[in-house]
K.L.:
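My structure is below; once you've seen it, I'll send some questions.
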Amino acid sequence: MARRILSRFVLAPAAAVAALIGFAAAPAQAAIWSSSDQWGNYTTSDGYTLYNNIWGSGAGSQTIWVNSSSNWGVWANHPNTGGIKSYPNAKKVVGKSITSMASLKSSYNVTVPSSGAYNTSYDIWDTDYDYEVMLWVNYNGAVGALGTSQGTVTLGGRTWTVYKGDNGANQVFSFLRTSDSTSGTVDVLPILKWIKDTKGWWGNETIGDVQFGYEITSSSGGLDFTTNSFSVSSS
């Protein structure tokens with residue numbers, strides 16, 4: 001939602017996050033970058049940007065580590081209280097209008113904890129940040145989507161429960177998979193076209209950010225979230 005826009009514009013300088021402390025859960029190999037900084041961010045050679053993005057009130061500690069754009073993770077220790085604390089994520093900028101695209105897909109493979117409160121989700125924005133599309137591929141604990149239920153729909157070979165809401169800054173369309181998944185490919189374009197053509201909730205928007213990460217509400221004691229692989233492709 002709008003809270004995550006802030007992290008794109010209030011970012012710590014690279015020098016401020018270059019020297020970093022160790023963290024409780026190390027990746028399988030030595031990370032090329034890691035950060036415990038609230039707005040720590042790193043851009044890979046293939047054009048993905050990784051954000052630690054601790055934006056919510058009452059947050060605890062969190063460290064992001066990166067082996068590559070497709071292999072990264074987070075150790076987070078946020079208290080068992082309500083409200084989203086963070087959205088560590090990887091971002092790819094698309095910069096194409098809905099009607100100009102023949103395809104927009106993303107693949108993911110994650111390892112997530114069995115405790116805590118969180119969702120693993122895509123966060124997709126138009127270039128003006130007027131609209132936000134969230135695609136929840138799995139979720140756990142006391143979490144819920146913004147807005148009111150619009151029923152279920154099958155798009156891109158997956159069935160989703162759809163919510164429509166407004167956070168005061170932008171409209172939010174949330175699609176929650178009716179069955180949890182830790183790996184797969186999301187066919188994003190049919191979802192965007194359904195919003196535009198079937199529901200008429202927006203026009204021919206230009207899609208900017210395609211983010212993927214973990215919206216964490218609580219992870220008391222410290223939990224690991226690992227992205228084993230991730231990619232975004234468009235044509």
Side-chain angles (χ1 to χ4, degrees), residues 1 3-79 83-93 106-113 115-125 134 136-140 143 182 209-232:
M1 299 180 184
R3 71 273 176 177
R4 289 189 289 279
I5 295 176
L6 178 64
S7 69
R8 299 186 188 91
F9 301 104
V10 186
L11 296 174
V17 298
L20 301 159
I21 62 171
F23 47 93
Q29 64 191 71
I32 61 172
W33 178 82
S34 62
S35 177
S36 300
D37 187 84
Q38 181 178 12
W39 307 120
N41 67 103
Y42 176 83
T43 300
T44 64
S45 59
D46 53 351
Y48 291 81
T49 301
L50 288 296
Y51 293 98
N52 203 28
N53 196 17
I54 308 169
W55 65 266
S57 61
S61 57
Q62 178 177 293
T63 298
I64 187 171
W65 54 265
V66 176
N67 289 329
S68 67
S69 61
S70 63
N71 179 216
W72 60 277
V74 167
W75 176 86
N77 184 5
H78 298 301
I84 299 163
K85 310 302 190 303
S86 67
Y87 180 63
N89 68 87
K91 180 185 82 171
K92 182 74 169 181
V93 177
S106 180
S107 296
Y108 64 92
N109 183 298
V110 300
T111 302
V112 291
S115 59
Y118 63 87
N119 64 70
T120 304
S121 58
Y122 288 86
D123 206 10
I124 301 167
W125 295 85
M134 295 201 75
W136 294 24
V137 297
N138 63 61
Y139 42 98
N140 189 74
V143 294
T182 56
D209 300 357
V210 175
Q211 304 173 12
F212 176 80
Y214 310 96
E215 197 171 49
I216 305 171
T217 294
S218 66
S219 54
S220 182
L223 297 175
D224 291 306
F225 301 80
T226 303
T227 304
N228 302 306
S229 63
F230 167 66
S231 65
V232 175

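A quick note: this is a predicted structure, and the numbers were derived from the prediction, not measured. Throughout, numbering of the chain's residues begins at 1 and tracks the sequence.
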K.L.:
According to side chain to side chain contact (heavy atoms under 4.5 Å, CB included), who are the partners of N140, at least two apart in sequence or on a separate chain?
P.N.:
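Result, side chain to side chain contact (heavy atoms under 4.5 Å, CB included) vs N140: Y118.
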K.L.:
N52 and Q62: side-chain donor and acceptor closer than 3.5 Å?
P.N.:
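Per modelled atom types, N52 and Q62 side chains form a pair under 3.5 Å.
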K.L.:
Mind checking what makes side-chain hydrogen bond (donor to acceptor under 3.5 Å, both in side chains) contact with Y42, not counting sequence neighbours?
P.N.:
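Here no residue qualifies.
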K.L.:
Restricting to side chain to side chain contact (heavy atoms under 4.5 Å, CB included), what partner residues turn up for S218, sequence neighbours left out?
P.N.:
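Side chain to side chain contact (heavy atoms under 4.5 Å, CB included) check on S218 returns N80, A117.
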K.L.:
Looking just at side-chain N and O atoms, do T44 and D46 make a donor-acceptor pair shorter than 3.5 Å?
P.N.:
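On atom types as modelled, these side chains qualify, holding a pair under 3.5 Å.
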K.L.:
Which residues pass the side chain to side chain contact (heavy atoms under 4.5 Å, CB included) test with T111, not counting sequence neighbours?
P.N.:
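Scan of T111 (side chain to side chain contact (heavy atoms under 4.5 Å, CB included), adjacent residues dropped) gives T226, N228.
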K.L.:
Which residues pass the side-chain hydrogen bond (donor to acceptor under 3.5 Å, both in side chains) test with T120, not counting sequence neighbours?
P.N.:
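T120 satisfies side-chain hydrogen bond (donor to acceptor under 3.5 Å, both in side chains) with N138 only.
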K.L.:
Mind checking what makes ring pair (Phe, Tyr, Trp, His ring centres under 6.0 Å) contact with Y48, not counting sequence neighbours?
P.N.:
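Scan of Y48 (ring pair (Phe, Tyr, Trp, His ring centres under 6.0 Å), adjacent residues dropped) gives F230.
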K.L.:
How would you list, by chain and number, every residue that makes a side-chain hydrogen bond (donor to acceptor under 3.5 Å, both in side chains) with N119, sequence neighbours excluded?
P.N.:
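Result, side-chain hydrogen bond (donor to acceptor under 3.5 Å, both in side chains) vs N119: S121, E215.
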K.L.:
Residues in side-chain hydrogen bond (donor to acceptor under 3.5 Å, both in side chains) with T227, at least two apart?
P.N.:
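T227 satisfies side-chain hydrogen bond (donor to acceptor under 3.5 Å, both in side chains) with Y214 once adjacent residues are dropped.
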K.L.:
Can you name the residues that form a side chain to side chain contact (heavy atoms under 4.5 Å, CB included) with S115, not counting sequence neighbours?
P.N.:
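S115 satisfies side chain to side chain contact (heavy atoms under 4.5 Å, CB included) with L223 only.
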K.L.:
Where does the angle between the aromatic ring planes of Y122 and Y108 fall among parallel (under 30°), tilted (30 to 60°) and perpendicular (over 60°)?
P.N.:
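Perpendicular, since the angle between the ring planes exceeds 60°.
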